Each structure stands twice: as C-alpha cells, then as structure tokens.
Colleague: 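There's a structure below that I have some questions on.
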Amino acid sequence: QVRLVESGGGLVQAGGSLRLSCAASGRIFSINAMGWYRQAPGKSRELVATINSDGSTTYADSVKGRFTISRENAMNTVYLRMNSLKPEDAAVYYCNSRLGNGNVYWGQGTQVTVSS
C-alpha cells in the first residue's frame, strides 16, 4: 500500500554531516507520524527521531542537539539532517511511517558509515 524509499546515506568523516531523505508513495490516506530508526551491526533497531502530523518532534537522547527531523507539509517526504556525526552513529537508517488506519511501513534502509 505504501512504499518508503530512503536516500542520502554514505560515507562521512567524524564531525561531518549528512541529510537523509525518505519519500513515501502509494495508497496514502493520512500519515500520523514518520520517523527514523537505525540499526548497527550486532545491535537492536533503535528510534532516532519522529515527527508528527502537527510538526512536533522527538529525538533519542544520543542524537539530541545534533540531528534534526523535518518534513514536507503533506508528510510525503521526511528528512533527517545529521550534524557532528560520530563513529557510533554508523548504522543502517530506516524510514518509518504510521498511517491513520494504524498500518506501519518501513523502508529498505540506507547505510551511513562514519570514519574516524
């Protein structure tokens, strides 16, 4: 019903920045929230940031002050600006959407690698 496609990942040096994008397409009636999660090798997938339909945001403590989530007004595209990247930020970053009907969708992920 809904497809999420992430882009913008890549290799960056510690202290650098990247901006991830997530484009949503398909049968979208209403999106309550979108977010970014990440999963590093050997670790569980963790919440990074979310943005609700009213524009309110939440962040994991580990990224507060460094990452910023934003969206288009229709929430068909969501971004994650990542500044001051650290090696521990290296992970596959996944886009997530929660629709008004309760369905949850995931993208395929985009790799972020941070070198020291």
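This one's a predicted model, so the numbers in the text were calculated from it and none came from an experiment. All values below were derived from every heavy atom in this structure, side-chain atoms included, with hydrogens, water molecules and symmetry-related copies excluded.
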Colleague: Hydrophobic cluster membership, with links at side-chain heavy-atom distances under 4.5 Å among I/L/V/M/F/W/Y: are Tyr94 and Met82 in one?
Modeller: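 No, Tyr94 and Met82 fall in different hydrophobic clusters.
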Colleague: Within the structure provided, determine whether Tyr105 and Arg3 are in side-chain contact (heavy-atom separation under 4.5 Å).
Modeller: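 Side-chain contact under 4.5 Å: no.
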Colleague: How about Glu6 and Tyr93: do any of their side-chain heavy atoms sit closer than 4.5 Å?
Modeller: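 The answer is no; the side chains never approach within 4.5 Å.
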Colleague: Test of understanding: with side-chain hydrogen bond (donor to acceptor under 3.5 Å, both in side chains), list the residues that count as partners of Glu46, not counting sequence neighbours.
Modeller: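 Testing Glu46 for side-chain hydrogen bond (donor to acceptor under 3.5 Å, both in side chains), a comparison that skips the adjacent residues, returns Arg38.
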Colleague: Would you say Tyr79 ends up clustered with Tyr59 if hydrophobic residues are merged whenever their side chains have heavy atoms under 4.5 Å apart, either directly or through other cluster members?
Modeller: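 As far as the 4.5 Å side-chain criterion goes, Tyr79 and Tyr59 are not connected within one cluster.
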Colleague: When you compare the side chain of Leu18 with that of Phe67, does any pair of heavy atoms fall below 4.5 Å?
Modeller: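 Counting from C-beta outward, Phe67 and Leu18 never come under 4.5 Å.
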Colleague: Closest approach of Gly9 and Val112, non-hydrogen atoms and distance?
Modeller: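 Smallest interatomic distance, heavy atoms only, reads CA-CG2, 4.2 Å.
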Colleague: If you count the non-hydrogen atoms of other residues, nucleotides and ligands that lie under 6.0 Å from CZ in Arg66, is the total more than 12?
Modeller: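 Yes - once you tally the heavy atoms of other residues, nucleotides and ligands closer than 6.0 Å, there are more than 12.
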Colleague: If you compare all heavy atoms of Ser84 against all heavy atoms of Ser17, which two are closest, and at what distance to 0.1 Å?
Modeller: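 Ser84 and Ser17 have their closest heavy atoms at N-OG, 4.2 Å.
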Colleague: When you group the ILVMFWY residues by side-chain heavy-atom contacts below 4.5 Å and let the links chain together, are Val92 and Leu47 in the same group?
Modeller: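 Yes, one cluster joins them.
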Colleague: Ser21 and Trp36: which non-hydrogen atoms are nearest, and at how many Å?
Modeller: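 In this case the closest contact between Ser21 and Trp36 is O-CH2, 3.6 Å.
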Colleague: Using a 4.5 Å cut-off on heavy atoms from C-beta on, say whether the side chain of Trp106 contacts that of Cys95.
Modeller: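 Contact flag for Cys95/Trp106 side chains = no.
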Colleague: Is it the case that Arg45 places NZ or CZ above or below the six-membered ring of Tyr37, under 6.0 angstrom from the centre and within 45 degrees of the axis?
Modeller: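 Cation-pi check for Arg45 and Tyr37: fails.
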Colleague: For residues Leu4 and Met34, determine if any side-chain heavy atom of one lies less than 4.5 Å from a side-chain heavy atom of the other.
Modeller: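 Side-chain contact under 4.5 Å: yes.
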